[in-house]
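This report refers to the structure that appears directly beneath it.
All of these numbers come straight from a predicted model, not from anything done at the bench. Just so you know, ligand 1 is whichever comes first in the structure, and atom 1 is the first atom listed for that ligand.
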Amino acid sequence: MTRKLLASAAAAAMALTGIVVAGDAWAASTLGASAAQTGRYYGAAIAAGRLGDSTYTRILTSEFNSVTPENEMKWDATEPSRGSFNYSGGDRILNQGIAMGAKVRGHALLWHQQQPGWAQSLSGSTLRSAAINHVTQVATHYKGKIYAWDVVNEAFADGNGGGRRDSNLQRTGNDWIEAAFRAARAADPAAKLCYNDYNTDGINAKSTGIYNMVRDFKSRGVPIDCVGLQSHLGTSIDSTYQQNIQRFADLGVDVQITELDVQQGGNQANIYAAVTRACLAVSRCTGITVWGIRDTDSWRSDNPLLFDGSGNKKAAYTSVLNALNAGGTTPDPDPDPEPEPGAGCTATLTPNTWNGGFTANIRVTAGGTALTGWTVGVSLPSGSAVTNAWNATVSGSTFTNVGYNGQVPAGGSTEFGFQGTGTPPTAAPACQAR
Ligand code: 9MR
């Protein structure tokens with residue numbers, strides 16, 4: 001092959017991967033490819049009903065490497081009548097994302113809006129169990145396929161000093177959010193679990209209320225991995241925007257910009273660039289999603305997106321692309337590795353022999369990471385058997401936490417015991433976090 005042919009073959013290959021040569025530097029030519037240079041994604045909220053529009057789909061497939069269903073995975077869409085689930089719209093979005101090799105964000109398991117009528121009319125423990133069942137069912141249906149779930153959306157109030165929003169869900173008890181996160185983790189352990197909200201795009205009372213909740217969750221071992229800052233913006237950006245992202249990241253959660261759109265007519269291109277730069281500056285800010293593709297696809301009427309109604313790139317698009325190509329910090333792909341089996345906890349056994357049998361008390365101690373569940377394996381001498389256990393369930397000689405003692409803070413302990421026939425174990429029990 002001649003040099004020229006080689007060069008054009010390389011150019012064709014680069015065009016396919018969205019990379020072009022700009023000046024001396026390599027610069028990606030699409031939002032997704034340029035975000036990927038620093039290990040991030042650039043996504044869009046999409047609607048199943050628009051996927052037949054060829055302009056829409058052309059922009060979607062060429063520019064974005066993450067998708068969020070704008071409405072299709074919400075409670076009213078997925079469980080229109082109690083216990084009867086409909087995943088048709090959600091699955092269309094999921095399959096579009098899979099076909100594109102994109103990350104799929106799940107939105108949203110529980111929210112005070114877009115609840116089906118039957119849920120709106122429930123309250124108390126009936127609503128609580130219906131809500132948790134909803135989380136379990138939907139997260140199970142999409143198990144292993146979702147990059148990050150907005151487990152709870154918009155549960156904090158505006159102008160209430162950082163307190164919760166009143167809603168039917170809130171009235172089931174203040175612990176409804178952690179119950180939802182625990183159910184989501186149990187159903188889909190691979191998905192990152194996010195809390196998502198708006199008007200949290202700077203340091204203010206509302207974002208501080210959320211910050212305090214995340215800090216509390218982390219200290220008690222409630223599973224939470226990320227915070228979504230929606231970023232529905234007007235004509236300015238809060239001067240503490242980046243600082244706010246950073247303070248959440250410093251709690252040990254990822255941050256994602258989840259629903260970005262910016263009013264046109266103010267400083268749109270500059271605000272988009274500032275959001276991009278702020279995310280790139282914080283290594284745990286892992287990606288940005290715009291809430292729609294063209295201005296005409298938006299829920300807003302002030303032309304807040306990156307493409308005009310005809311699908312042309314706007315100035316805001318170019319400013320985002322340039323900001324992405326200017327580079328930034330690189331996220332650690334696995335900032336919170338799961339503990340190695342056995343590394344998350346230790347167990348000690350204290351036997352008490354009595355006529356014809358024994359009892360044993362086992363103390364489980366968490367390592368440097370809080371436990372959200374544990375199992376302990378005991379090696380029994382031959383001829384011995386477990387007859388019953390307390391504060392744990394038993395299968396053979398493997399013991400698992402019960403509902404009230406799976407959560408153990410880092411360094412903390414809990415105890416269970418069992419009774420057996422024969423002689424007590426002599427080997428140290430093996431503890432594993434789960
Ligand atoms: O864009 C969504 C619009 O199509 C729906 O009618 C609306 C219903 O409340 O929800 C919009 O998306 C919202 C998102 O789910 C949560 N944050 C605010 C978004 C804009 O309202």
Side-chain angles (χ1 to χ4, degrees), residues 43-51 53 56 60 64 66-80 86 88-90 92-94 96-97 104-117 119-120 131 134-135 138-139 142 146-159 164-170 177 180 184 193-202 204 206-207 209-210 226-234 255-264 275 287-307 309:
I46 60 172
R50 295 184 198 273
L51 292 173
D53 176 329
Y56 182 85
L60 169 63
F64 296 97
S66 172
V67 295
T68 304
E70 190 173 352
N71 291 297
E72 291 80 350
M73 291 189 192
K74 291 173 180 173
W75 198 350
D76 59 350
T78 50
E79 195 180 359
N86 181 342
S88 57
R92 285 175 71 191
I93 305 288
L94 175 76
Q96 176 68 34
V104 180
R105 293 195 83 263
H107 173 83
L109 291 171
L110 292 179
W111 188 22
H112 65 282
Q113 284 187 30
Q114 282 178 284
Q115 293 183 1
Q120 291 174 38
H134 179 76
V135 171
V138 177
Y142 290 112
I146 299 290
Y147 164 70
W149 263 115
D150 292 330
V151 177
V152 170
N153 192 42
E154 301 177 5
F156 278 72
D158 294 300
R164 298 281 182 87
R165 170 194 300 280
D166 179 47
S167 71
N168 59 346
L169 290 164
Q170 182 62 29
I177 298 183
L193 305 182
C194 303
Y195 175 81
N196 190 50
D197 216 326
Y198 67 92
N199 282 353
T200 50
D201 313 304
N204 57 39
K206 186 174 178 182
S207 63
I210 295 163
C226 38
V227 169
L229 305 177
Q230 293 185 7
S231 301
H232 294 293
L233 301 180
V255 177
Q256 297 163 11
I257 309 304
T258 50
E259 305 185 15
L260 179 62
D261 47 20
V262 182
Q263 182 178 333
Q264 182 165 285
V275 168
I288 298 175
T289 296
V290 284
W291 204 245
I293 295 180
R294 300 163 300 193
D295 285 335
T296 42
D297 303 319
S298 175
W299 67 295
R300 293 168 62 158
S301 54
D302 54 3
N303 299 320
L305 293 172
L306 300 177
F307 295 84

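Looking only at heavy atoms of the protein, atom 19 (C) of ligand 1 is closest to Glu259 OE1, 3.3 Å. Nearest protein neighbour of atom 1 (O) of ligand 1, counting heavy atoms only, is Glu70 OE2, 2.5 Å. The protein atom (non-hydrogen) at minimum distance from atom 12 (O) of ligand 1 is Trp291 NE1, 3.3 Å. Protein heavy atom nearest atom 7 (C) of ligand 1, with residue, atom name and distance: Gln114 OE1, 3.7 Å. For atom 9 (O) of ligand 1, the nearest non-hydrogen atom of the protein is Gln113 OE1, 3.0 Å. Nearest protein neighbour of atom 11 (C) of ligand 1, counting heavy atoms only, is Lys74 NZ, 3.7 Å.
Atoms of ligand 1 lying under 4.0 Å from any heavy atom of Asn153, numbered from 1 in the order shown and given with element: 16 (C). For ligand 1, the atoms closer than 4.0 angstrom to any heavy atom of Glu154 are 16 (C), 17 (N), 18 (C). Near Gln230, meaning under 4.0 Å from one of its heavy atoms, ligand 1 places the atoms 17 (N), 18 (C). In summary, the atoms of ligand 1 found under 4.0 Å from a heavy atom of His232, numbered by their order in the structure, are 18 (C), 19 (C).
If you look at Asn71 next to ligand 1, the close heavy atoms, those under 4.0 Å, all belong to the side chain. Contacts between Tyr198 and ligand 1 below 4.0 angstrom, taking non-hydrogen atoms only, are absent altogether.
Of the candidates Asp201, Thr200, Leu229, Asp197, Thr200 is the only one forming a side-chain contact (heavy atoms from CB on, under 4.5 Å) with Ser207.
When ring centroids are compared, Trp291 and His107 come within the 6.0 Å threshold.
Looking at Asn204, its side chain does come within 3.5 Å of a backbone N or O of Asn199 through a donor-acceptor pair.
Note that CZ of Arg294 is 10.5 Å distant from CG of Leu305, once rounded to the nearest 0.5 Å. Note: Ile288 CD1 to Glu259 CD = 14.0 Å, rounded to the nearest 0.5 Å. Rounding to the nearest 0.5 angstrom, the gap separating the CG atom in Leu169 from the CH2 atom in Trp111 is 12.5 Å.
Side-chain contact between Gln256 and Thr289 is absent, with no heavy atoms from C-beta onward closer than 4.5 Å. In this structure the side chain of Ile293 reaches within 4.5 angstrom of the side chain of Tyr56, judged on heavy atoms.
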